[in-house]
Amino acid sequence: MSNNKLQAQIESLGIRAKAVASELAQLDANKKKATILLMAKHLSKQCDAILAANRMDVEAAGENGVSKVFLDRLLLSEERLMNVIQGLQAIAELPEPVGKLLHSWQVDTGLKISRVTVPIGVIAIIYESRPNVTVDAAGLCFKSGNAVILRGGSESAETNKALTNALQQGLLEAGVSVDAIQYLPTQDRMAIDILLNMDKYIDVIVPRGGKSLIQRIREKSRIPIFSHLEGICHTYVHQDAQLAMAVDIIVNAKMRRPGICGATETLLIDQVIAKRFLPQIIQALQDKGCEIRGDEGVQQIVAQVKSADEEDWRSEYLDAIIAIKIVADYQQAITHINHYGSHHTEAIITDNKKVAEDFLRLVDSAIVMHNCSTQFADGGEFGMGAEIGIATGKLHARGPVGIEQLTTFKYRVEGNGQTRNN
């Protein structure tokens with residue numbers, strides 16, 4: 001396809017999304033709920049076709065020699081698809097996010113001022129491999145009154161087409177324009193560059209993927225971005241931790257699904273308990289097939305682990321690999337996290353309430369946890385129905401991006417004839 005044709009094709013998506021956004025902003029809560037439930041119904045009806053499309057993607061990816069962790073992210077089993085559908089149904093049941101009164105007051109002039117939530121408008125979501133994002137993003141955007149343009153990775157193209165088709169069938173049955181949920185019809189990399197310059201039609205870009213994708217989008221986008229660069233998540237075990245509980249938490253935080261952004265990548269151990277705890281946790285992780293990389297102190301206690309270098313403290317492995325460091329105290333743990341972390345998710349394991357409170361207050365990350373697995377860093381687990389990513393910036397959205405984060409607000413000012421004289 002020529003560049004001019006591609007430009008026209010992508011711009012057409014933006015024009016149609018912009019046009020339908022004003023209609024979506026006017027839909028009432030009952031209509032949105034009913035429509036999302038119809039989307040879920042059509043996903044169920046087309047389950048066999050969706051799983052067949054996913055098998056095509058998984059087989060092609062396997063032939064290309066991708067890792068087992070990558071294949072796990074790509075795989076959409078029947079159980080996972082049912083979970084995706086249930087997540088969409090949960091989104092339908094969430095409280096209406098649009099038109100919510102955030103604050104109101106009256107000023108000396110007698111004007112009554114209120115701040116109320118409104119949709120953002122048109123949101124473009126660029127993501128890789130995980131096909132559940134297609135459904136989560138579509139549901140969240142529709143619930144919050146936004147039109148969405150989706151662009152998944154080439155490795156999940158057939159799955160995403162099948163999912164989008166089912167979602168659009170739900171829109172059609174509800175009498176809503178299919179332009180509310182559009183999927184980029186090409187895998188041409190130039191299409192993303194065109195999308196990133198469509199600030200006339202698109203209000204926000206949400207990138208979700210690897211470091212190189214996010215960096216490219218940050219460098220080229222003329223549109224505001226909700227993003228996280230990577231998930232370098234930490235778990236710190238304080239000297240007052242219950243060690244048996246700590247083992248359970250850490251094994252889950254690393255090994256439940258090593259390829260997700262909430263997986264713990266670096267483990268910090270208080271020096272007071274290092275000799276007692278390190279052999280336990282290293283054995284437990286190795287029993288699950290995890291590769292261990294440790295600093296000099298760790299290697300002195302457990303000699304067979306690989307040596308960790310400076311790059312390991314900056315690595316998001318997204319694999320069954322963990323870096324372990326011994327720290328003097330919780331202050332050093334906080335310093336390490338704030339220096340090397342990506343401001344995503346960090347956890348402390350301790351029964352010391354003061355230390356836990358200091359950690360939660362001083363760690364500069366979007367999500368901070370006490371005595372639980374970092375794998376809970378998920379909008380669905382937060383009771384938000386689902387999320388379209390974890391934002392690590394500090395403007396507008398931070399942490400799981402759910403329906404509330406996909407709204408903005410406007411001010412309503414009501415008077416009875418006031419004029420300004422000064």
Side-chain angles (χ1 to χ4, degrees), residues 211 214 226-243 245-254 256 258 260-274 277 281 294-295 297-298 308 310-318 322-379 381-382 384 387 389-402 405:
K211 187 174 182 178
I214 307 268
F226 295 164
S227 73
H228 74 262
L229 185 59
E230 52 194 337
I232 305 176
C233 303
H234 298 75
T235 296
Y236 164 58
V237 186
H238 179 249
Q239 61 179 289
D240 294 334
Q242 297 179 42
L243 299 189
M245 179 177 73
V247 170
D248 290 341
I249 289 174
I250 294 160
V251 170
N252 181 270
K254 176 70 259 186
R256 172 188 165 268
I260 67 172
C261 63
T264 288
E265 305 288 21
T266 298
L267 175 61
L268 304 174
I269 308 291
D270 196 297
Q271 65 179 0
V272 174
I273 59 169
F277 184 63
I281 188 57
D295 68 359
V298 172
E310 179 73 10
E311 190 59 30
D312 286 297
W313 313 130
R314 304 181 187 278
S315 293
E316 182 186 29
Y317 300 114
L318 297 175
I322 195 167
I324 305 179
K325 181 179 180 65
I326 297 174
V327 293
D329 50 33
Y330 76 91
Q331 288 96 340
Q332 187 179 0
I334 292 170
T335 299
H336 178 97
I337 291 168
N338 287 341
H339 180 71
Y340 290 103
S342 59
H343 310 292
H344 191 292
T345 300
E346 330 297 346
I348 182 172
I349 306 174
T350 184
D351 285 345
N352 187 313
K353 291 183 178 179
K354 181 187 180 304
V355 170
E357 182 57 38
D358 284 350
F359 183 94
L360 299 177
R361 178 171 52 89
L362 296 173
V363 168
D364 183 23
S365 291
I367 303 171
V368 287
M369 299 180 164
H370 177 208
N371 284 350
C372 60
S373 167
T374 58
Q375 299 248 347
F376 283 110
D378 177 88
E381 297 296 328
F382 281 24
M384 297 165 67
E387 44 133 273
I390 306 289
T392 55
K394 296 185 180 181
L395 297 180
H396 185 80
R398 195 179 197 201
V401 178
Q405 291 71 34

Q | Pair H370 and F359, ring centroids less than 6.0 Å apart | A |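 No: the rings miss the under 6.0 Å criterion.
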
What distance separates [X] [atom1] from [Y] [atom2], expressed to the nearest 0.5 Å?
| X | Y | atom1 | atom2 | answer |
| --- | --- | --- | --- | --- |
| D378 | I390 | CG | CD1 | 6.5 Å |
| I269 | I326 | CD1 | CD1 | 8.0 Å |
| H336 | Y236 | NE2 | OH | 12.5 Å |
| S373 | I349 | OG | CD1 | 9.0 Å |
| H339 | I334 | NE2 | CD1 | 15.5 Å |
| D329 | Q271 | CG | CD | 7.5 Å |

How close do [X] and [Y] get, counting heavy atoms only, and between which atoms?
| X | Y | result |
| --- | --- | --- |
| A377 | T345 | CB-OG1, 3.3 Å |
| G379 | P400 | CA-CB, 3.8 Å |
| A366 | A391 | CB-O, 3.6 Å |
| G231 | E265 | O-CG, 3.7 Å |

Q) Less than 4.0 Å between a side-chain N and a carboxylate O, is that true for R398 and D364? A)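 Between R398 and D364 there is a salt bridge, with a charged N closer than 4.0 Å to a carboxylate O.
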
(Q) Using the rule salt bridge (charged side-chain N to carboxylate O under 4.0 Å, His left out), only one of E316, E311, E310 pairs with R314; which is it? (A)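 One option only clears the test, and that one is E310.
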
Mark yes or no for whether [X], through its side chain, and [Y], through its backbone, hold a donor-acceptor pair below 3.5 Å.
| X | Y | answer |
| --- | --- | --- |
| S342 | I232 | yes |
| N338 | L362 | yes |
| H234 | L268 | no |
| E381 | F376 | no |

Q: Apply the test salt bridge (Lys or Arg N to Asp or Glu O under 4.0 Å) to residues K353 and E357: give CA-CA distance (whole Å), side-chain angles for both, the deciding distance (0.1 Å), then the verdict.
A: CA-CA 6 Å; K353 291 183 178 179; E357 182 57 38; over 6 Å; no

Give a yes-or-no answer on whether the side chains of [X] and [Y] include a donor-acceptor pair shorter than 3.5 Å.
| X | Y | result |
| --- | --- | --- |
| T264 | T235 | yes |
| T350 | H238 | yes |
| D270 | Y330 | no |
| N252 | Q375 | no |

(Q) With side-chain contact (heavy atoms from CB on, under 4.5 Å) as the criterion, how do I322 and Y317 come out once you've worked through the C-alpha distance, each side chain's angles and the decisive distance to 0.1 Å? (A) CA-CA 8 Å; I322 195 167; Y317 300 114; 5.6 Å; no

Q) For W313 and D295, what are the C-alpha separation, side-chain angles and deciding distance, and is it a side-chain contact (heavy atoms from CB on, under 4.5 Å)? A) CA-CA 10 Å; W313 313 130; D295 68 359; 4.0 Å; yes

